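Notes follow the structure.
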Amino acid sequence: MKNIVFNKDAFKKSVSDNVKNLYRKTLTEASRQEIFQAVSYTVKDVIIDQWIATQHVLDRDDPKILYYMSMEFLMGRALGNNLINLTCYNEVKEALAEMGVDLNLIEDEEPDPALGNGGLGRLAACFMESLATLGYPAYGCGIRYHYGMFRQKIKDGFQIEEPDDWLKNGYPFELKRPEHSYEVKFGGYVSARTDETGRTRFVHENYQSVMAIPYDMPIIGYNNNVVNTLMIWDAEPKQSFELDAFDKGDYKKAVEQQNLARNLVEVLYPNDNHIAGKELRLKQQYFFVSASLQRAVDRFKKNHADISMLPEKVAIQMNDTHPTVAVAELMRILLDDEGLSWDEAWSITTKTCAYTNHTIMAEALEKWPIEIFSRLLPRIYQIVEEINRRFILKIQEEFPNDGDKIRKMAIIYDGQVKMAHLAIAASYSVNGVARLHTEILKKRELNDFYQMFPQKFNNKTNGITQRRFLMHGNPLLASWVTEHIGADWITNLSYMSKLAIYADDEKMQQEFMNIKYQNKLRLAKYIQQHNGVEVDPRSIFDVQVKRLHEYKRQLLNILHVMYLYNELKEHPDMEFIPRTFIFGAKAAAGYRNAKLTIKLINSVADVINNDKSIDGKIKVVFIEDYKVSNAELIFAAADVSEQISTASKEASGTGNMKFMLNGALTLGTMDGANVEIAEEVGKDNIFIFGMSADEVIEHEKKRDYDPMQIFNQDQDVRKVLMQLINGMYSPNDPELFRDLYNSLLNTQCTQYADTYFILADFRSYVEAQKRVMEAYKDEKNWAKSAILNVAHSGKFSSDRTIQEYVDDIWHLNRIKVDLDIDE
Ligand SMILES: *Cc1c(COP(=O)(O)O)cnc(C)c1O
């Protein structure tokens with residue numbers, strides 16, 4: 001610990017003292033959970049000094065600050081990563097070992113703060129970490145859901161959702177900040193009055209309201225003393241704060257406000273890339289956005305009298321459309337609270353807000369019925385109406401003789417408020433998250449907007465933090481890399497390219513494969529403990545972990561497993577390298593085909609894993625409760641990274657990058673960031689298959705794709721599909737998988753049969769899988785490719801992504817924090 005002068009004896013004493021003070025126990029009497037709490041409080045003590053010092057620098061230097069607004073932050077555990085970024089992980093591990101305590105077991109006591117669904121929430125978490133490491137002042141703004149992403153249990157092969165009570169033991173890395181609470185108002189009506197100057201004032205009346213209470217979590221930069229803040233908002237009824245005499249007697253109102261507060265932040269909606277359209281969700285959105293903006297404006301006003309300076313000191317990034325009410329809320333604050341004119345307020349808002357688009361899938365594009373929106377947020381709705389009115393005038397100016405454009409581009413149309421249109425109209429930057437995705441936005445999905453505002457559109461290819469996904473998740477590989485090329489990669493991943501010269505070195509290849517083997521052993525042990533299945537660490541670990549969604553095509557993967565099993569049964573002596581197919585995925589609770597796919601994977605696993613005749617050549621494992629903490633073990637152990645989405649559907653993907661960084665070879669379509677991974681690593685070190693995005697989009701336009709043709713012509717496909725409905729994997733209920741069969745072939749059950757082109761890509765996938773097996777036979781060449789994957793992962797650090805956001809969108813300056821700054 002270079003910065004904070006780690007003192008082992010002081011650390012040990014502090015841990016013992018904390019156990020004593022918190023639990024009235026000695027270390028030997030304390031449970032692992034209690035020791036986790038004690039260790040965390042000791043670490044927090046160190047963090048607090050840096051946190052205070054960082055705040056003092058912000059107060060002194062008054063730099064521009066980013067507010068990253070996101071409904072989701074999929075943080076994963078904090079303890080291990082905090083220790084890594086404080087550069088005292090090994091010292092703490094050693095100190096605890098001397099006390100008879102294993103740090104890894106203590107880390108396992110921490111619940112994953114799973115305040116997110118998948119990629120979008122994890123991106124926000126990686127961004128927070130990179131911002132702190134690069135020294136950029138930033139607040140993450142989100143919601144303190146009392147129950148995060150549900151815990152997944154598998155019972156009889158089916159997904160069961162259990163509540164994730166992550167706060168039940170108290171979370172040591174959060175700090176309640178009631179002194180920064182704000183009121184947020186819902187419902188009621190707006191009345192217009194003329195004030196003494198003759199100006200129209202809008203007054204919100206008869207509303208319900210809650211108090212928003214922020215909890216701060218420290219976000220620690222790597223080895224730089226910078227501690228940024230993730231500010232997540234909890235809700236409390238207003239009663240416990242201040243009550244005017246009128247409210248005191250209003251029992252009904254008191255109960256309503258209590259219920260509102262209780263429900264508001266109770267749960268995270270478990271939908272990934274799909275809208276729920278529930279009123280409560282819109283309430284959640286406005287709740288955290290309003291509180292965060294009130295805080296941001298207050299902080300600004302502490303140092304500045306001139307509100308027009310706001311864009312010079314505040315940047316607001318909206319992670320997808322979920323926080324888009326921010327543009328109207330900022331307008332409200334500027335108009336109603338600050339008394340600005342519309343033009344002044346609009347000028348400030350459109351220089352402050354920027355929007356990131358995460359998907360082009362129709363079912364994920366947020367729209368709110370006017371009825372709900374205007375009833376819940378009457379003043380905000382008025383403002384959106386005025387933004388829309390002026391925007392339509394602009395559209396008419398831009399496209400004078402094209403009435404269709406208004407239908408396609410208006411913010412309010414057909415009884416609905418379209419959040420993406422609002423975001424684009426009011427933002428100075430609109431970015432996609434991978435090159436292909438941004439091109440599709442510009443050329444197709446958002447082409448009308450691109451024609452109108454070409455200068456707003458830009459690409460920011462996603463990234464991941466190497467501190468969590470290599471240093472913490474794969475310490476063996478991290479140390480090996482550092483031994484050979486030094487430690488610069490930790491804060492500048494482009495240095496990884498120095499590894500390339502070792503790719504042909506046989507000794508290095510052996511060392512690499514040995515590390516991979518150790519990590520496979522570690523995962524095999526986890527699988528043995530959690531699934532009771534024995535897997536061979538010498539087999540190919542072929543992994544698909546990500547949210548379960550039809551477009552991600554876990555079904556294609558498991559159909560191929562069924563096909564491979566048929567082949568092996570028919571040709572028992574065929575050349576075959578043992579393969580372990582590993583899946584991990586949560587399905588949204590109401591998503592029937594997704595849940596049925598989980599059941600299918602588990603049923604196939606049951607049959608194949610118990611078939612003695614194939615000699616264990618294929619194993620299928622479904623890892624329960626896929627989340628950041630077990631993800632770290634999984635990436636480290638993977639040989640093959642399955643990134644097989646229908647081309648054009650996956651905006652970027654970030655799982656693909658984590659696998660690459662850990663030396664897995666990608667088997668994927670030319671979709672999302674896979675395109676850029678292929679470009680970086682070279683075509684000899686990746687397995688690409690399937691239709692291109694252009695081909696998919698062309699078929700969608702022409703509606704000329706007929707999966708039945710493939711079914712009729714390809715007997716292997718036909719055999720596998722028949723096994724979905726002949727009871728082979730569900731002898732007690734042969735109809736169980738009928739819906740999956742129908743989704744591929746039957747136009748009556750889904751609007752289009754095989755919407756995600758699974759049968760169209762099946763042959764190409766089979767061939768690519770054959771190439772994988774051929775390649776693995778040559779272990780040296782495989783090792784070379786794996787090393788080259790690590791070597792060429794530099795582009796995919798979220799440090800690179802963040803620097804691009806800073807250069808092109810946010811224009812922040814780095815801060816420098818010295819610990820002796822004040823005392
Ligand atoms: C990275 C990550 C994701 C995103 O995975 P994709 O393959 O990009 O969809 C989802 N969940 C967890 C826990 C992750 O770590």
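Bear in mind the structure is a predicted one, so any value in this text is a computation, not a measurement. As the structure lists them, so they are numbered: ligands from 1, and atoms in each ligand from 1.
- The shortest contact between atom 5 (O) of ligand 1 and any protein heavy atom is with Gly655 N, 3.8 Å.
- Of the charged side-chain nitrogens involved, at least one lies within less than 4.0 Å of a carboxylate oxygen, so that Glu804 and Arg800 count as a salt-bridged pair.
- Proximity annotation for atom 3 (C) of ligand 1: of Lys658, Arg547, Gln544, Lys658 comes nearest, heavy atoms only.
- Here the side chains of Arg467 and Ser130 are in contact, with some heavy-atom distance below 4.5 Å.
- Salt-bridge check for Arg444 with Asp694: passed, with a basic side-chain N closer than 4.0 Å to an acidic carboxylate O.
- Ligand-side atoms of ligand 1 in range of Thr654: 1 (C), 4 (C), 8 (O), range being under 4.0 angstrom from any heavy atom.
- The existence of a salt bridge linking Glu700 and Lys649 is confirmed by a sub-4.0 Å separation between a basic side-chain nitrogen and an acidic carboxylate oxygen.
- For the pair Lys520 and Phe541, the cation-pi test (distance below 6.0 Å, angle within 45°) is passed.
- By the 4.0 Å heavy-atom criterion, Lys552 is counted among the residues contacting ligand 1.
- Below 3.5 Å of separation, one finds no N or O of Lys627 facing any N or O of ligand 1.
- Near Gly119, the atoms of ligand 1 lying under 4.0 angstrom from a non-hydrogen atom of the residue are 3 (C), 4 (C), 10 (C).
- Between Trp489 and Leu470, some side-chain heavy-atom pair lies under the 4.5 Å cut-off.
- Scanning the protein for heavy atoms near atom 11 (N) of ligand 1, the closest one is Tyr626 CE2, 3.6 Å.
- For ligand 1, one of its N or O atoms has an N or O atom of Lys546 under 3.5 Å away.
- Residue Gly118 has at least one heavy-atom neighbour below 4.0 Å for each of these atoms of ligand 1: 10 (C), 11 (N).
- Applying side-chain hydrogen bond (donor to acceptor under 3.5 Å, both in side chains) to Tyr551 and the options Thr755, Asn273, Thr359 leaves one that passes, Asn273.
- Considering backbone and side-chain atoms together, Phe469 places no N or O closer than 3.5 Å to any N or O of ligand 1.
- With ligand atoms numbered from 1 in the order given, ligand 1 contributes 8 (O) to contacts under 4.0 Å with heavy atoms of Gly653.
- A cation-pi contact, defined as under 6.0 Å to the ring centre and within 45° of the axis, is absent between Arg771 and Phe687.
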